[in-house]
Amino acid sequence: MGNATHEGVRHGSKALVHLVSRSVEAQRFEDRVRETAARLRTLCGGVESQVHVMFRVGDDPLGRRTQFVGSIEVTGGVATTTFLESLAPHAGDMLDQVAHLDLSSFLVGDDVGFIVPKERAPIRYQYLMRRQAKLSHAQYIKYYQKTHSQFGIQTPGIEGYAQFLVDVDASRRAARAGGFGVWAVDSVSQLSLVSVETFIA
């Protein structure tokens, strides 16, 4: 398990894309997502660690209620909020033939680590969260960081825990520019796992 901090360590700006596949072969979908990531990596200056691709694990017991089957993450380096917004049209153009963009997300925000893994874990569990109507986005983020984070920190069977704090305005602009339909999310909880089986056990 990585080092834990109750305050959280800000890792900088990030974009998260969650994709709902069209009725295409899984291999075609995955190939196009990887091609899109390669294009985004080039736009980021070619730094390998800045762009990651993730796909839903087979027989996923944690994700039965979601249609998302693929994800792209862009972090670090030149990844300012404005730059991340500018990537959305490129991603949308490349993914439109294999993904339902209107059902897919393009989120921009800041990454905060609470348990930082020693190395990148093979499984990342991402949980998109929305605030209760009685809370403003700012109130929710304060609660999420100060109080809700304790659930993540105390969760057994994980290697890392981070919160992705969504910039709703930037996400709305980026999603509209790229043709993505999902942006009204307040945060994403991220658990790093060795395996789904280990986590469930």
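All values below come from the heavy atoms of this structure, side chains included, with hydrogens, waters and symmetry mates left out. The structure presented is a predicted model; accordingly, all values stated were derived computationally and were not measured.
Within 6.0 Å of CD in Glu35 there are more than 12 heavy atoms belonging to other residues, nucleotides or ligands.
The cluster map of Ile, Leu, Val, Met, Phe, Trp and Tyr, joined by side-chain heavy atoms under 4.5 Å apart, puts Val185 and Phe68 in the same cluster. Placement of Leu95 and Val20 in two distinct hydrophobic clusters is found when ILVMFWY residues are connected by side-chain heavy-atom separations under 4.5 Å, directly or transitively. Taking hydrophobic clusters as Ile, Leu, Val, Met, Phe, Trp and Tyr residues chained together by side-chain heavy-atom distances below 4.5 Å, Phe180 shares a cluster with Leu84. Under a hydrophobic-cluster definition in which Ile, Leu, Val, Met, Phe, Trp and Tyr are linked whenever side-chain heavy atoms come within less than 4.5 Å, directly or via other members, Met129 and Tyr143 are assigned to different clusters. Residues Val53 and Val108 fall within the same hydrophobic cluster, defined by Ile, Leu, Val, Met, Phe, Trp and Tyr side chains chained together at heavy-atom separations under 4.5 Å.
Heavy-atom minimum distance, Ala177 versus Pro89: O-CG, 3.8 Å. Residues Ser21 and Phe29 come closest through the heavy atom pair OG-CD1, 3.5 Å. Here the shortest heavy-atom pairing between His90 and Ser86 reads CD2-O, 3.3 Å. For the pair Ile115 and Gly152, the tightest heavy-atom approach, listed with the atom from each and the gap, is CD1-O, 4.3 Å. Phe106 and Trp183 get closest at one heavy-atom pair: O-CB, 4.2 Å.
Judged purely by atom type and a 3.5 angstrom limit, Ser171 has no side-chain atom pairing as donor or acceptor with the backbone of Val168. A donor-acceptor contact shorter than 3.5 Å is absent between the side chain of Arg176 and the backbone of Gly181. Of the possible donor and acceptor atoms, one in the side chain of Arg41 sits under 3.5 Å from a partner among the backbone N and O of Val51. The closest donor-acceptor contact from the side chain of Arg22 to the backbone of Asp96 lies under 3.5 Å. No donor-acceptor pair under 3.5 Å is formed between the side chain of Ser105 and the backbone N or O of Val182. Between the side chain of Arg32 and the backbone N or O of Gln97 there is no donor-acceptor pair closer than 3.5 Å.
Leu165 contributes atom CG, which lies 6.5 Å from atom CG of Asp110 (distance to the nearest 0.5 angstrom). The distance from the CG atom of Asp167 to the CG atom of Leu107 is 10.5 Å, given to the nearest 0.5 Å. Interatomic distance, Thr36 OG1 to Arg39 CZ, rounded to the nearest 0.5 Å: 10.5 Å. Between atom CG of residue Leu87 and atom CD1 of residue Ile72 there is a gap of 10.0 Å, rounded to the nearest 0.5 Å. In this structure, the separation between CZ on Arg65 and CG on Asp60 is 13.0 Å, given to the nearest 0.5 Å. Of the inter-residue distances, the one linking Leu191 atom CG with Gln126 atom CD reads 10.0 Å to the nearest 0.5 angstrom.
Residues forming a side chain to side chain contact (heavy atoms under 4.5 Å, CB included) with Asp93 (at least two apart in sequence, or on another chain): none. Here Thr198 pairs with Ser195 under the side chain to side chain donor-acceptor pair (under 3.5 Å) rule; sequence neighbours left out. With sequence neighbours left out, the side chain to side chain donor-acceptor pair (under 3.5 Å) criterion links Ser104 to no other residue. The salt bridge (charged side-chain N to carboxylate O under 4.0 Å, His left out) check on Asp169 picks up Arg172, with sequence neighbours excluded.
Side chains of Asp111 and Gln190: a donor-acceptor N/O pair is present below 3.5 angstrom, by distance only. With hydrogens and angles left out, the side-chain atoms of Ser187 and Tyr127 include no donor and acceptor closer than 3.5 Å. Ser189 and Tyr144 are linked by a side-chain donor-acceptor pair at a separation below 3.5 angstrom, with hydrogens and angles left out of the test.
Side-chain contact check for Gln145 versus Val112: some heavy-atom pair is nearer than 4.5 Å. The shortest side-chain heavy-atom distance between Phe199 and Thr155 falls under the 4.5 Å cut-off. Leu193 has its side chain out of reach of Glu159: every pair of non-hydrogen atoms, C-beta onward, lies at least 4.5 Å apart. Side chains of Val188 and Gln163 form no contact here, defined as non-hydrogen atoms less than 4.5 Å apart. For the pair Val69/Leu19, no side-chain contact is recorded, criterion being any heavy-atom separation below 4.5 Å from C-beta on. The closest side-chain heavy-atom distance from Val74 to His52 is not below 4.5 Å.
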**Study point:** Candidate pair Ser71 and Phe55, rule side-chain contact (heavy atoms from CB on, under 4.5 Å), full reasoning
**Key:** CA-CA 6 Å; Ser71 180; Phe55 297 105; over 6 Å; no

Exercise for review: Any chance you could lay out the side-chain contact (heavy atoms from CB on, under 4.5 Å) test for Arg124 and Glu73, step after step, and finish with the verdict?
Suggested key: CA-CA 11 Å; Arg124 173 86 60 82; Glu73 174 187 75; 2.8 Å; yes

Practice item. Test side-chain contact (heavy atoms from CB on, under 4.5 Å) on Ile123 and Val57 and set out the steps. Key: CA-CA 8 Å; Ile123 303 291; Val57 298; 3.5 Å; yes

Practice item. Decide side-chain contact (heavy atoms from CB on, under 4.5 Å) for Tyr125 and Val196; before the verdict, give the C-alpha distance in whole Å, the side-chain angles of both, and the deciding distance to 0.1 Å. Key: CA-CA 9 Å; Tyr125 175 54; Val196 174; over 6 Å; no

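Residue pairs meeting the ring pair (Phe, Tyr, Trp, His ring centres under 6.0 Å) criterion with at least one partner in residues 153-173, sequence neighbours excluded, are Phe114-Tyr161.
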Could you pull out all donor-acceptor pairs under 3.5 Å where a side-chain atom in residues 130-138 meets a protein atom, sequence neighbours excluded?
| unit_1 | atom_1 | unit_2 | atom_2 | d |
| --- | --- | --- | --- | --- |
| Arg130 | NE | Ala184 | O | 2.7 |
| Arg130 | NH2 | Ala184 | O | 3.4 |
| Arg131 | NH1 | Leu135 | O | 2.5 |
| Ser136 | OG | Gln139 | N | 3.1 |
| Ser136 | OG | Gln139 | OE1 | 3.4 |
| His137 | ND1 | Asp186 | OD1 | 2.6 |
| His137 | NE2 | Val166 | O | 3.1 |

